[in-house]
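Some notes on the structure that comes next.
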Amino acid sequence: MSERKPETLQSLLAVLELLSLGGDRFRADSLNKHWHRVYGGQVVAQAMVAAFRTVEGRIAHSLHAYFLRMGDPLAPIDFEVSRLRDGRAFSTRNVVASQGGEAIFTMSMSFHNGEEGIAHQSPMPGEPRPEELPDEYELERQLKARRPDAAKLITHMPPIEFRPINIERFLDPSPRPAEQNVWMRVSGRMPEDPKLHQIVLAYMSDYSLIDTALVGHGRVITDPTLQIASIDHALWFHRPGRVDDWLLYAQDSPSASGGRGFCRGSIFRRDGVLVASAAQEGLFRNRPPKPERKD
């Protein structure tokens, strides 16, 4: 069993404490400053924080976001919220994130009072429980021994813990059905605020989803021969869920064409309750081979 690291969770929660600039404008920093780009899930989560600051008494039920430019993790990110509508049951906001005066991200987000009505859901896939799977340290050991390029997928994303159901997908690059199921949670105890659990769930939902398009081709997003970028991200919140308990992220990719791969996911609580659904399209390009050096 891996040792949990609550201090890294506090670092994530700190970058979600946006600085108010007045007039529905906010500023934030990045968590992973050593990365070559801003992690998309972080921008989604921070944009949600900004939108929540302008809404009272309603929960998020959906968001639709586009990644416009690669963000610089060393530069602050400015968020501006537009209040599009406040109706009897729904509120709608648009958020634009920018750096250096240029938009890098835009998101529409809808909030709802919550009402009684029809209810149903798809069943959760029957999978091994997270306690039955190798922890991050054992995964790192196995992957480094046989496929070191895939090791960082599992081990470089604190404060999020991931436990893939089928590690053979990483160890054997053979093509297989374009689907993967992963258990995930944050390392540490979260505050009770349900809005914050939605925000951190959005942060988590962006990480492994785009990689699902490559499962069918025996490749991973750390493949140095590929150029990969998220184009958009959508998330629908169905029911409450805690991100500091294990959630099953069941993902598949029904289509890839035209240099783009489409992926979708269902997020379940341990008790089988469907918490949220996600969808994302990513850009996939083959990098040209580097010219050989002539000494």
[atom1]/[X] to [atom2]/[Y] distance, rounded to the nearest 0.5 angstrom?
X: Asn166; Y: Asn181; atom1: CG; atom2: CG; result: 9.5 Å
X: Gln180; Y: Thr212; atom1: CD; atom2: OG1; result: 4.0 Å
X: Leu283; Y: Arg260; atom1: CG; atom2: CZ; result: 9.0 Å
X: Asp135; Y: Glu140; atom1: CG; atom2: CD; result: 10.0 Å
X: Leu21; Y: Glu80; atom1: CG; atom2: CD; result: 10.0 Å
X: Leu201; Y: Met190; atom1: CG; atom2: CE; result: 10.0 Å

Are [X] and [Y] within salt-bridge range, i.e. N to O under 4.0 Å?
X: Asp244; Y: Arg185; value: no
X: Arg163; Y: Glu138; value: no
X: Asp24; Y: Arg83; value: yes
X: Arg93; Y: Asp86; value: yes

Do you know the tightest heavy-atom contact between [X] and [Y]?
X: Thr8; Y: Pro159; answer: OG1-CB, 3.3 Å
X: Ala279; Y: Leu209; answer: C-CD2, 4.1 Å
X: Ala60; Y: Gln198; answer: O-NE2, 3.0 Å
X: Ser30; Y: Gln42; answer: OG-NE2, 3.0 Å
X: Phe268; Y: Pro125; answer: CE1-CD, 3.8 Å
X: Ala97; Y: Ile77; answer: CB-CG2, 3.9 Å

Taking the ring of [Y] and the ring of [X], is the distance between their centroids below 6.0 Å?
X: Phe67; Y: Phe105; result: yes
X: Tyr39; Y: Tyr203; result: yes
X: Tyr249; Y: Phe162; result: no

Got [X] and [Y] here, is their nearest side-chain heavy-atom distance under 4.5 Å?
X: Phe111; Y: Thr92; answer: no
X: Leu16; Y: Leu196; answer: yes
X: Val182; Y: Ile165; answer: no
X: Leu68; Y: Glu102; answer: no
X: Leu247; Y: Arg270; answer: no
X: Leu248; Y: Met124; answer: yes
X: Lys195; Y: Met48; answer: no
X: Glu161; Y: Val186; answer: no

Please tell me whether [X] and [Y] are part of a single hydrophobic cluster in this structure, the criterion being side-chain heavy atoms less than 4.5 Å apart.
X: Phe79; Y: Tyr66; result: no
X: Phe26; Y: Val96; result: no
X: Ile221; Y: Val215; result: no
X: Val49; Y: Val55; result: yes
X: Leu274; Y: Ile267; result: no

Query raised in the report: Strictly by modelled atom types, are Gln251 and Ser208 linked by a side-chain donor-acceptor pair under 3.5 Å?
Result: yes
Requested in this report: Verify side chain to side chain contact (heavy atoms under 4.5 Å, CB included) between Val243 and Met204, making sure each step is shown before the conclusion.
Outcome: CA-CA 9 Å; Val243 296; Met204 299 163 68; 3.8 Å; yes
Query raised in the report: Yes or no on side chain to side chain contact (heavy atoms under 4.5 Å, CB included) for Val220 and Phe170, after CA distance, side-chain angles and deciding distance?
Result: CA-CA 8 Å; Val220 293; Phe170 299 101; 4.1 Å; yes
Can you check whether [Y]'s main-chain N or O pairs, donor with acceptor, with [X]'s side chain at less than 3.5 Å?
X: Glu132; Y: Glu127; answer: no
X: Asn32; Y: His34; answer: no
X: Gln99; Y: Asp78; answer: no
X: Gln46; Y: Val15; answer: yes
X: Arg269; Y: Pro240; answer: yes
X: Asn94; Y: Met109; answer: no

Which side-chain N or O atoms in residues 226-236 pair as donor and acceptor under 3.5 Å with protein atoms at least two apart or in another chain?
| residue | atom | partner | partner atom | Å |
| --- | --- | --- | --- | --- |
| Asp232 | OD1 | Glu281 | N | 2.9 |
| His233 | ND1 | Gln280 | NE2 | 2.9 |
| His233 | NE2 | Ser205 | OG | 3.0 |

Report task. Kindly indicate, with the supporting measurements, whether the criterion side chain to side chain contact (heavy atoms under 4.5 Å, CB included) is fulfilled by Asp252 and Arg264. Result -> CA-CA 6 Å; Asp252 76 323; Arg264 59 193 178 186; 2.8 Å; yes
Query raised in the report: Given the rule in the side chain to side chain contact (heavy atoms under 4.5 Å, CB included) test, do Asp172 and Arg176 qualify, once you have shown the distances and angles that lead to the verdict?
Result: CA-CA 10 Å; Asp172 177 5; Arg176 60 194 72 222; 3.6 Å; yes
Requested in this report: Count the heavy atoms of every other residue, nucleotide or ligand shown that sit under 6.0 Å from CZ of Arg25, and state whether that count exceeds 12.
Outcome: no
Report task. Taking atom CZ of Arg285 as the centre, report whether more than 12 heavy atoms of other residues, nucleotides or ligands fall under 6.0 Å from it. Result -> no
Query raised in the report: Stepwise, does the side chain to side chain donor-acceptor pair (under 3.5 Å) test hold for His61 with Ser110?
Result: CA-CA 6 Å; His61 79 87; Ser110 185; 2.7 Å; yes
